[in-house]
Chemist: 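Handing you this structure, nothing more for now.
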Amino acid sequence: MSENRNYARMLAAKYTQDGKPMEWFEELYRQAMEGEAIVPWADLRANPNLVEWLENYQVEGKGKTALKVGCGLGDDVEELCQRGFKTIGFDISASAIQWCQNRFPESLAEYVVADLFHPSPQWYQGFDFVLETYTIQALPPSRHRSAIAQIANFVAPQGKLLLICRGREEQEDPGQLPYPLTQAEVMGFVECGLSLERFEDYLDESESPPVRRFRVTFTRNN
């Protein structure tokens, strides 16, 4: 895993240095489709932190819309579909989206190539549930604030956002990609018009060694 993560870091650094901080995702997924690389965060199963949250709060999606930010290989999207949500998964990588469509040819979800920073205008406050897992932390820290603003804009009135990310203290060094978020960064969603519903700070024991996670639920009350 460390070798795969280091390769992803190398790609990210190269493309960022070339002024293309988002394009390394496509390069990694393209190489992975061709068997030349491995996507280090693609476990080919729904995120256990998401599944636990859905079970704990008995989330029912029937009659509701959902959007998965940075859908990767689609497992979280399919989990939301199984819960009854009418779901769109988007990713900047065309290869990732093609992979999703190949993996789930009978899926009820819609898989779309889209850039978080240039989304469809129709998505503005357009979803009852928005899921963001690990996308912000894969971006350069200088883009975290603008990513948070874009993601907040997807949440419909009375809708919810679930954020799952690595967490750190303000004084801690963010280190290398993936960059853990601080509580202050996460609370940027409140500055963007959402209300904090629940903030969970815990060790994710599904990782070895365990990883500090923030799992945060926000709502849009107006």
Side-chain angles (χ1 to χ4, degrees), residues 8-9 11-16 18-30 32 39-42 47 49-50 65-77 79-80 85-101 109-156 159-166 174 177-182 185-194 214-218 220:
R9 287 169 175 156
L11 272 184
K14 177 181 181 298
Y15 276 84
T16 299
D18 292 343
K20 303 173 182 178
M22 302 292 287
E23 295 186 14
W24 69 274
F25 292 104
E26 167 58 18
E27 180 65 15
L28 180 61
Y29 279 107
R30 183 192 63 77
V39 180
W41 54 83
N47 187 320
N49 298 281
L50 166 65
T65 56
L67 180 71
K68 173 65 179 81
V69 177
C71 66
L73 298 188
D75 295 280
D76 290 348
V77 173
E79 181 70 27
L80 294 178
F85 287 98
K86 182 179 180 181
T87 310
I88 294 176
F90 80 89
D91 204 285
I92 196 170
S93 167
S95 294
I97 294 302
Q98 181 183 342
W99 203 333
C100 291
Q101 292 166 342
E110 181 180 357
Y111 288 102
V112 179
V113 179
D115 183 342
L116 171 61
F117 297 102
H118 301 92
S120 168
Q122 297 179 344
W123 292 358
Y124 179 74
Q125 294 192 13
F127 297 91
D128 300 307
F129 181 67
V130 176
L131 174 61
E132 152 52 10
T133 59
Y134 309 162
T135 302
I136 299 172
Q137 67 185 37
L139 302 175
S142 61
R143 307 207 74 176
H144 287 182
R145 182 179 293 273
S146 54
I148 285 168
Q150 290 287 355
I151 294 168
N153 282 339
F154 297 141
V155 184
K160 291 185 183 294
L161 164 70
L162 176 64
L163 166 74
I164 302 173
C165 66
R166 289 178 177 241
L177 182 152
Y179 304 103
L181 306 187
T182 66
E185 283 186 294
V186 171
M187 293 305 289
F189 282 104
V190 173
E191 298 172 14
C192 294
L194 304 184
F214 295 155
R215 184 168 58 193
V216 193
T217 311
F218 295 94
R220 183 182 296 283

Chemist: Is any side-chain heavy atom of Ser146 closer than 4.5 Å to one of Leu116?
Modeler: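 No, their side chains stay 4.5 Å or more apart.
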Chemist: Give the minimum heavy-atom separation between Leu139 and Phe117, together with the two atoms involved.
Modeler: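 Nearest pair, atom of Leu139 first, then Phe117: CD1-CZ, 4.0 Å.
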Chemist: Walk me through it: do Glu27 and Tyr15 pass the test side chain to side chain contact (heavy atoms under 4.5 Å, CB included)?
Modeler: CA-CA 10 Å; Glu27 180 65 15; Tyr15 276 84; 3.6 Å; yes
Chemist: From Ser142 OG over to Tyr179 OH, what is the distance, rounded to the nearest 0.5 angstrom?
Modeler: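 The distance works out to 9.0 Å.
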Chemist: Can you tell me if His144 uses its side chain to pair, donor with acceptor, with the backbone of Ile136 under 3.5 Å?
Modeler: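 Between the backbone of Ile136 and the side chain of His144 there is a qualifying donor-acceptor contact (under 3.5 Å).
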Chemist: Taking the six-membered ring where the residue is Trp, are the ring centres of Tyr124 and Phe154 under 6.0 Å apart?
Modeler: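 No, the ring of Tyr124 stays outside the 6.0 Å limit from the ring of Phe154, centre to centre.
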Chemist: Of all heavy-atom pairs between Ile92 and Val113, which one has the smallest distance, and what is that distance?
Modeler: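 Looks like O-CG1, 3.9 Å.
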Chemist: Here's one to test your reading of the geometry: is the NZ or CZ of Arg166 within 45 degrees of the ring axis of Tyr134 and under 6.0 Å from its centre?
Modeler: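 Not flagged: Arg166 not positioned over aromatic ring of Tyr134.
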Chemist: Show the nearest heavy-atom pair for residues Tyr111 and Gly74, with the distance to one decimal.
Modeler: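 Residues Tyr111 and Gly74, closest heavy atoms: OH-O, 3.4 Å.
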Chemist: Applying side chain to side chain contact (heavy atoms under 4.5 Å, CB included), run through Val130 and Leu162 and close with a yes or a no.
Modeler: CA-CA 6 Å; Val130 176; Leu162 176 64; over 6 Å; no
Chemist: First locate atom OG1 of Thr217, then atom CZ of Phe189, and finally report the distance between them rounded to the nearest 0.5 Å.
Modeler: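 If I round to the nearest 0.5 Å, the distance is 11.5 Å.
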Chemist: Closest heavy-atom contact between Cys71 and Ile97?
Modeler: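 So the minimum-distance heavy-atom pair works out to SG-CD1, 3.7 Å.
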Chemist: Output yes when a side-chain donor or acceptor of Glu26 lies under 3.5 Å from a complementary backbone atom of Ser95, and no otherwise.
Modeler: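 Yes, Glu26 side chain to Ser95 backbone: donor-acceptor pair under 3.5 Å.
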Chemist: Just do the side chain to side chain donor-acceptor pair (under 3.5 Å) check on Thr65 and Asp128 with the steps written out, would you?
Modeler: CA-CA 5 Å; Thr65 56; Asp128 300 307; 3.2 Å; yes
Chemist: To the nearest 0.5 angstrom, please state how far the CH2 atom of Trp41 sits from the CG atom of Leu73.
Modeler: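 If we round to the nearest 0.5 Å, Trp41:CH2 and Leu73:CG are 9.5 Å apart.
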Chemist: Using a 4.5 Å cut-off on heavy atoms from C-beta on, say whether the side chain of Met22 contacts that of Arg143.
Modeler: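 Contact flag for Arg143/Met22 side chains = yes.
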Chemist: Rounded to the nearest 0.5 Å, how far apart are CD of Glu132 and CD of Gln150?
Modeler: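 Here the rounded value is 12.5 Å.
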Chemist: Please check: side-chain N/O of Asp76 versus main-chain N/O of Asn47, any donor-acceptor pairing under 3.5 Å?
Modeler: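 Indeed, once roles are kept as given, a pair shorter than 3.5 Å links the two residues.
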Chemist: Tyr29 vs Trp99 aromatic rings, parallel, tilted or perpendicular, using cut-offs 30° and 60°?
Modeler: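 Perpendicular: the ring planes of Tyr29 and Trp99 meet at over 60°.
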Chemist: For Phe25 and Pro21, work out which heavy atoms get closest and say how close.
Modeler: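 Taking every non-hydrogen atom into account, CE1-O, 4.4 Å.
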Chemist: Okay, side chain of Lys68, backbone of Gly70: is any donor-acceptor separation there less than 3.5 Å?
Modeler: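 Indeed, once roles are kept as given, a pair shorter than 3.5 Å links the two residues.
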Chemist: Report the C-alpha distance between Leu131 and Val69 in whole Å, list the side-chain angles of each, state the deciding distance to 0.1 Å, and finish with yes or no for side chain to side chain contact (heavy atoms under 4.5 Å, CB included).
Modeler: CA-CA 6 Å; Leu131 174 61; Val69 177; over 6 Å; no
Chemist: Compare every heavy atom of Leu177 with every heavy atom of Ala138, then report the nearest pair and how far apart it is.
Modeler: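 Closest pair (atom of Ala138, atom of Leu177, distance): O-CD1, 3.5 Å.
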Chemist: Where the side chain of Asp91 meets the backbone of Ser93, is there a donor-acceptor pair that is under 3.5 Å apart?
Modeler: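 At least one qualifying donor-acceptor pair exists.
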Chemist: Evaluate the side-chain proximity of Phe129 to Thr87: yes if any heavy-atom separation is below 4.5 Å, no if none is.
Modeler: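 SC-SC contact between Thr87 and Phe129 ruled out.
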Chemist: Going by heavy atoms in the side chains, are Val155 and Phe218 under 4.5 Å from each other?
Modeler: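 Val155 does not reach Phe218 side chain to side chain.
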Chemist: Within this structure, what is the CZ-CG distance for the pair Arg215 and Leu163, rounded to the nearest 0.5 Å?
Modeler: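 Reported to 0.5 Å precision, the distance equals 11.0 Å.
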Chemist: Roughly how far apart are Cys192 SG and Arg145 CZ, rounded to 0.5 Å?
Modeler: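 Separation between the atoms: 8.0 Å.
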